[in-house]
S.K.: 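Take this structure first; my questions come after.
Throughout, protein chains are lettered first and strands after them, A, B, ... in sequence-line order, and every chain is numbered starting at 1.
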Amino acid sequence: MYEATKSEAKWQKKWRESGIYKADLKNPVKPKYYNVTMFPYPSGDKLHVGHWYNYAPVDSWGRYMKLKGFEVFQPMGFDSFGLPAENYAIKTGVHPAETTRANIEKMKEQIRAIGGMFDLDLNLETSSPEYYKWTQWLFLQLYKKGLAYRREAPVNWCPGCMTVLANEQVQEGKCERCKSEVVQKKLRQWFFKITDYSEKLLDYDGLDWPEKTIAMQKHWIGKSEGVEADFRISEDQSKKIRIFTTRFDTIYGTNFVAIAPEHPKLFDYVSDSERAVVEKYVEASKKKSELERQMEGKQKTGVKTGMHAINPMNGEAMPIYVADFVLMYGTGSVMGTPAHDERDFQFAKVMKILAPQVIVAKDGDKYEDDVAEWSDTLHDDGIMVNSGPYTGMKNREALEKMASEMEIAGWGKKIVNYRLRDWLISRQRYWGAPIPIIYCEKCGEVPVPEKDLPVVHPHVKDYVPKGTSPLATVEEFVNVACPKCGGAGKREVDTMDTFVCSSWYFLRYPDAGNSAAAWDKKIVDKWMPVDMYIGGAEHACMHLLYARFIHKVMNDLGFVGSAEPFKRLVHQGTVTKDGAKMSKSKGNVVSPDEFVEKYGSDVFRMYLMFMGPFTEGGDWSDRGITGIARFVDRFWRCMELESDGAEFEVKVHQTVARVTESIEKMNFNTAISALMELTNAAFAKGLNKRQKEMISIVLAPLAPHLAEEVWESLGHGESIFTKSWPKADPKFLVKDVITYGIQVNGKLRGTVDLGKDVEKEEALAAARVVVAKYLTGEAKKEIFVAGKIIGFVV
RNA sequence: GCUCGGGUGGCGAAAUGGUAGACGCGCUGGUCUUAGGAACCAGUUCCGAAAGGAUUGAGAGUUCGAGUCUCUCCUCGAGCACCA
């Protein structure tokens, strides 16, 4: 009888004592493998099924790579600054410095109970001065390069969290964390100039990432190539209005211009007579929240400004409108071409702008002069019509020609636009890394000299968010001498977005104890890039984008040799309970503890992996865990029995091959089922020693404790994880006798067993006998695919 | 609305264009047992007594052969959402 609990405690202790999960970081002899999972934040809640669903496959993968002969580095730290830790502290009334400490210890114990080979002894915690010192250093490097700057801008304000948020943290107009409705505020805040890296971030060359994640990032960066053009104002020929379009080819159909209410120069384009109306409209749209704008959907509103722009192609005067469907990005004003843009069409309908004219016609042979209903078929590429000298050209070619001619004429140029905004990193919250900047009356904005780092995060009693940073209440912190002139200075009191802390932790792991630098380039370049990065898909446009940006900056500054941080990325799926995401508020959190206690960690983690492909997640149900428990039991019994194993030799090698293939594809579920099949076949008779050794090694990534126990029972003193992955002998993988299916007119009508080297004629002859009664009439076609199928068409 | 994924037994799920439903749960029957929610053996897609027939969300297409490829549609999930 295998006693999981006892055995697991024993092996966890042995692994820790022998340091088997430690990698030789400075001088890896074997090829390195850097296996990382997104580090957790200590929140005070226990580990739930979702954590296990993440960490178990990561660990199985790491153990597999270890058995394959790699020096595997599989560290884990804690993302301990940030809102989860702070909110937990607010809830319990205990200072975050204390709760964080306690929670990390608690979580470490729980993570150790999984029996993973995570290296938790590096003590990487983003809230410790040894770590955030270097987060501040990182800030200074960006500052020096002009990539960190402060400006006043309308920003997203979350009234629930009482802080500003980055664009990435606003979802459907609500705070990503607390779901409060986000409002716009104009504030002076710190930004990272991620937009400088828009183009570089679009390069995914050499990355093995899920297509979907790449698509999401690309969409978020939102590159569009278009044209910026100046239109003259007909009321005042000295004035121009600059518009942006991606469809310059449709300009002959343009019959209005629309400008965003927030446009700084809006009133340059408003006539005196319309001034009052426009002011009213601007006021009204300012009051609308992001959410209200979305609620209105495609219902367009706007008012005339009273001025007109001149269409440079045909000289027509077009009315200018102020309309809030135009966003204050890029030029903040657009040309309206109702026939070729649905929004323009909707707006034109509301404003009763008449007779939108088709410019690009499908196929060129049929088009309507006037568009009564907008249809996206009109949007297709095609042949130019109604377009003066360009009529008859292919529209994409016309676009190029028109744009070059315009550039020569000097009233516009081709440009590339991105929707990515700069990363707002200021937070008016307590539990984060202080921004290392001092404001001096004389010298202005002064960066804290690197030798003065860290800017120590002050202890504050009342850290409940009030809308301004709690750090501002600590006078000894705020008042400081200017590092430049020695005069009176005041510290920046905002803290950094926790995503800054998490954007570089994987660079710290290999050299976590370094007190002289953020990391030693030599060591880090040995380990970077991360070979396998596993974590949730929800970070696609946040952490995963920020980390790439920071890494590229560090690469450009010469601090790292690699251009990308994560070579291969895999997202685990989400485990739901009754179809809903597990959350404490819903009260549907499943705790692994009782199952681990009853069945052991091996059974629990295998059960999670057996649910299905781990990238897909699934709905939690404890029905069925007994199946894995039975398997473990049978497996153990199988290993206890001794036989010569002759009859299982083929099966053993096939199982090794199948498990290898499955794990290689990270299909842990089918790896387990292959082992089940073998166990079911052999558990009553047993295997020979060599066979047991092979099988226990291929089981080891999935059930490490059980595998160690078996290995030891086979008389080995050393850990199974010092061994190497077995190779299936190809001679056992080819069956001598193959059962062929026989199809007649595509329907299966029988089977026949044939030798592996059977000739076509012989096979067909044998098959004909089996399905004789279906072979009526004349045979039209006979099919023989070696190793696969025999077919007749009659 | 746009961009991705999915849709296969009562359930979780397998299937390089080649015998659909491996493996597991559950269920049915049996063996062993004072008893068993333990263990083992057998069965289990649906309809049908059987012969046989049907079957991978719906429909069409390509193919000797389609869960798998192509098109149209339905539906569920995720993400983005007036970026011109």
Side-chain angles (χ1 to χ4, degrees), chain A residues 171-173 210-220 222-224 226-227 243-248 250 258 260 293-294 296-300 323-337 340-344 346-347 376 417-421 537-538 540-541 571 573-574 576 579 607 610-613 615-628 630-631 633-634 637 658 661-662 667 669-677 679-680 683-684 739-752 780-783 785 787-794:
Chain A
Q171 277 157 14
E172 295 176 4
E211 287 294 328
K212 187 184 173 167
T213 311
I214 292 179
M216 275 166 68
Q217 283 200 357
K218 279 190 176 167
H219 187 245
W220 186 259
K223 180 178 182 170
S224 63
V227 161
I243 60 91
F244 176 75
T245 179
T246 56
R247 289 299 302 276
F248 193 56
T250 66
R293 278 201 189 189
Q294 271 164 23
E296 285 172 4
K298 294 209 156 61
Q299 198 53 252
K300 302 282 182 292
D324 66 7
F325 79 92
V326 182
L327 307 172
M328 191 46 233
Y329 293 142
T331 59
S333 50
V334 297
M335 62 180 221
T337 313
H340 291 284
D341 184 279
E342 187 171 11
R343 292 157 306 192
D344 292 351
Q346 300 299 343
F347 186 73
D376 56 11
N417 232 345
Y418 301 90
R419 61 198 301 178
L420 185 68
R421 305 293 122 210
E538 69 274 15
C541 295
H571 300 301
T574 23
T576 54
Y607 177 57
F610 191 62
M611 270 170 60
T615 49
E616 276 166 37
D619 202 58
W620 168 262
S621 150
D622 55 15
R623 278 174 50 167
I625 192 166
T626 53
I628 302 289
R630 268 177 211 151
F631 161 64
D633 217 46
R634 282 185 193 188
R637 274 149 57 194
R658 279 175 62 190
E661 204 180 309
S662 291
N667 290 337
N669 54 335
T670 51
I672 294 168
S673 66
L675 284 161
M676 282 174 167
E677 272 188 62
T679 308
N680 290 345
F683 83 97
T739 305
Y740 283 87
I742 308 166
Q743 291 181 343
V744 180
N745 293 337
K747 274 192 170 36
L748 184 75
R749 293 301 185 187
T751 60
V752 61
K780 280 198 195 125
K781 195 164 179 182
E782 295 174 329
I783 298 135
V785 184
K788 307 244 162 150
I789 199 118
I790 297 165
F792 299 98
V793 183
V794 295

S.K.: Using a heavy-atom cut-off of 4.0 Å across all strands, would you classify A:Phe683 as base, sugar-phosphate, or nothing?
M.R.: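 Sugar-phosphate: the residue A:Phe683, judged by heavy atoms under 4.0 Å, touches backbone atoms but no base.
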S.K.: Can any side-chain N or O of A:Tyr418 pair as donor or acceptor with the backbone N or O of A:Ser224 at less than 3.5 Å?
M.R.: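 Not confirmed, A:Tyr418 side chain does not pair with A:Ser224 backbone.
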S.K.: Please report the distance separating the P of B:C73 from the corresponding atom of B:G53, rounded so that it comes out in whole Å.
M.R.: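 It comes out at 35 Å once rounded to the nearest Å.
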S.K.: Anything under 3.5 Å between a protein N or O and an N or O of nucleotides 3-8 of chain B, put it in a table, one pair a line.
M.R.:
none

S.K.: Does a donor on one side chain sit under 3.5 Å from an acceptor on the other, for A:Asp619 and A:Thr576?
M.R.: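 Their side chains do contain a donor-acceptor pair, which is all the 3.5 Å distance test asks for.
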S.K.: Using atom CG of A:Asp622 as one end and atom P of B:C11 as the other, report the distance to the nearest whole Å.
M.R.: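 Rounding to the nearest Å, CG of A:Asp622 and P of B:C11 are 18 Å apart.
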S.K.: Tell me whether B:G65 sits syn or anti, counting syn as a glycosidic angle within 90° of 0.
M.R.: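 Anti for B:G65; the angle lies over 90° from 0.
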S.K.: Quick one: sort the A:Phe325 and A:Phe347 rings into parallel, tilted or perpendicular, breaks at 30° and 60°.
M.R.: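 Rings of A:Phe325 and A:Phe347: tilted, 30 to 60°.
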S.K.: Among B:A84, B:G79, B:A81, which nucleotide has an atom closest to any side-chain atom of A:Met216?
M.R.: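 The answer is B:G79, which lies nearest to the side chain.
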S.K.: What's the NZ-P distance between A:Lys300 and B:G1, to the nearest Å?
M.R.: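 In whole Å, B:G1 P lies 14 Å from A:Lys300 NZ.
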S.K.: Please round to the nearest 0.5 Å and tell me the distance separating atom OG1 of A:Thr751 and atom OH of A:Tyr740.
M.R.: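 Answer for the OG1-OH pair, A:Thr751 versus A:Tyr740, is 13.0 Å.
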S.K.: If you restrict it to nitrogen or oxygen atoms, what contacts under 3.5 Å exist between nucleotides 18-26 of chain B and the protein, and what is each distance?
M.R.:
| residue | atom | partner | partner atom | Å |
| --- | --- | --- | --- | --- |
| B:G18 | N2 | A:Gln743 | OE1 | 3.0 |
| B:U19 | O4 | A:Thr739 | O | 2.9 |
| B:A22 | O2' | A:Glu677 | OE2 | 3.0 |
| B:G24 | OP1 | A:Asn680 | ND2 | 2.5 |
| B:C25 | OP1 | A:Arg630 | NH1 | 2.5 |

S.K.: Taking the side chain as everything from C-beta on, heavy atoms only, tell me whether A:Ile742 gets closer than 4.5 Å to A:Phe792.
M.R.: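 A side-chain contact under 4.5 Å exists here.
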S.K.: When rounded to the nearest Å, what value does the distance between P atoms of B:G10 and B:C2 take?
M.R.: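 Those two atoms are separated by 35 Å.
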S.K.: Just compare B:C80, B:C64, B:A13 and give me whichever is closest to any side-chain atom of A:His219.
M.R.: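 From the listed options, B:C80 comes nearest.
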S.K.: What would the secondary structure line of RNA chain B be in dot-bracket form, counting Watson-Crick and G-U wobble pairs under 3.5 Å, with [ ] for pairs that cross earlier ones and | for pairs with another strand?
M.R.: (((((((..(((.....[....)))((((((.......))))))(((....)))..(((((..]....))))))))))))....
S.K.: Side-chain contact test, heavy atoms from C-beta onward, threshold under 4.5 Å: evaluate it for A:Asn745 versus A:Val794 and give yes or no.
M.R.: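 Side-chain contact under 4.5 Å: yes.
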S.K.: With heavy-atom distances below 4.5 Å as the criterion, would you say the side chains of A:Glu782 and A:Ile790 are in contact?
M.R.: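 SC-SC contact between A:Glu782 and A:Ile790 ruled out.
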S.K.: Can you check whether A:Ile783 reaches A:Gln743 side chain to side chain, under 4.5 Å on heavy atoms?
M.R.: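 A:Ile783 does not reach A:Gln743 side chain to side chain.
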S.K.: I want to check one thing: is the phosphate of B:A84, taken as OP1 and OP2, less than 4.0 Å away from some side-chain N or O of A:Ser224?
M.R.: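 Yes, within the criterion.
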S.K.: Roughly how far, to the nearest 0.5 Å, is OH of A:Tyr607 from CD1 of A:Ile628?
M.R.: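 Spacing of CD1 (A:Ile628) from OH (A:Tyr607) equals 8.0 Å.
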S.K.: Quick one: are A:Phe631 and A:Leu675 in side-chain contact, heavy atoms under 4.5 Å?
M.R.: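 Counting from C-beta outward, A:Phe631 and A:Leu675 do come under 4.5 Å.
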S.K.: For A:Lys781 and for A:Thr245, locate the closest nucleotide of RNA chain B by heavy-atom distance; then report the residue assigned to the nucleotide nearer the 5' terminus.
M.R.: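 Comparing both residues, the 5'-ward one is A:Lys781.
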S.K.: CE of A:Met328 versus P of B:A84: gap in Å, rounded?
M.R.: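 My rounded result for the distance is 15 Å.
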S.K.: Which residue lies toward the 5' end of RNA chain B, A:Met611 or A:Lys747, if each is placed at its nearest nucleotide?
M.R.: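 The answer here is A:Met611.
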S.K.: Might you list the N or O atoms of the protein lying below 3.5 Å from N or O atoms in nucleotides 55-58 of chain B, with each pair's distance?
M.R.:
none

S.K.: Between B:U3 and B:U68, how many Å separate the two P atoms, rounded to a whole number?
M.R.: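 So the two P atoms sit 23 Å from each other.
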S.K.: From CZ of A:Arg637 over to P of B:A39, roughly how many Å is that when rounded to an integer?
M.R.: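 About 8 Å, once rounded to whole Å.
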S.K.: Rounded to whole angstrom units, what separation is found between the CD atom of A:Gln346 and the P atom of B:G1?
M.R.: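 Checked: the CD to P distance equals 13 Å.
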S.K.: Sub-3.5 Å donor-acceptor pair from the side chain of A:Asp341 to the main-chain atoms of A:Asp344, do we have one?
M.R.: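 Yes; at least one donor-acceptor contact below 3.5 Å.
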S.K.: Can you tell me how far C1' in B:G59 sits from the matching atom in B:U45, rounded to whole Å?
M.R.: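 23 Å, rounded to whole Å.
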S.K.: Is the shortest side-chain heavy-atom distance between A:His571 and A:Lys212 below 4.5 Å?
M.R.: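 Heavy-atom side-chain distance check fails, nothing below 4.5 Å.
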S.K.: With P as the reference atom in both, quote the distance from B:C25 to B:A38 in angstrom, rounded to an integer.
M.R.: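 The same atom, P, in both gives a distance of 12 Å.
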S.K.: Would you say A:Thr670 and A:Arg658 make side-chain contact, with heavy atoms under 4.5 Å?
M.R.: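 In short, these two side chains do not touch, never coming nearer than 4.5 Å.
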S.K.: Taking the P atom in each of B:U44 and B:C23, what is the distance between them to the nearest angstrom?
M.R.: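 Taking atom P in both B:U44 and B:C23, they lie 12 Å apart.
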S.K.: Can you list everything that forms a side-chain contact (heavy atoms from CB on, under 4.5 Å) with A:Ala260? Sequence neighbours excluded, please.
M.R.: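 Result, side-chain contact (heavy atoms from CB on, under 4.5 Å) vs A:Ala260: A:Glu262, A:Val326, A:Met328.
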S.K.: Round to a whole Å and report the spacing from CZ of A:Arg749 to C1' of B:A51.
M.R.: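 Computing the A:Arg749:CZ to B:A51:C1' distance gives 13 Å.
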S.K.: Roughly how many Å apart are B:A20 and B:U56, using the C1' atom of each and rounding to a whole number?
M.R.: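 Between the two C1' atoms, the distance is 7 Å.
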S.K.: Provide, to the nearest angstrom, the distance between the CZ atom belonging to A:Phe325 and the C1' atom belonging to B:A84.
M.R.: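 Taking atom C1' of B:A84 as the reference, CZ of A:Phe325 is at 8 Å.
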S.K.: Run the side-chain contact (heavy atoms from CB on, under 4.5 Å) test against A:Leu748 and tell me which residues pass, sequence neighbours left out.
M.R.: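 With sequence neighbours excluded, A:Leu748 shows a side-chain contact (heavy atoms from CB on, under 4.5 Å) to no residue whatsoever.
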S.K.: Considering only the C1' atoms, how many Å lie between B:C80 and B:C69, rounded to the nearest integer?
M.R.: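 Straight-line distance between the two C1' atoms is 30 Å.
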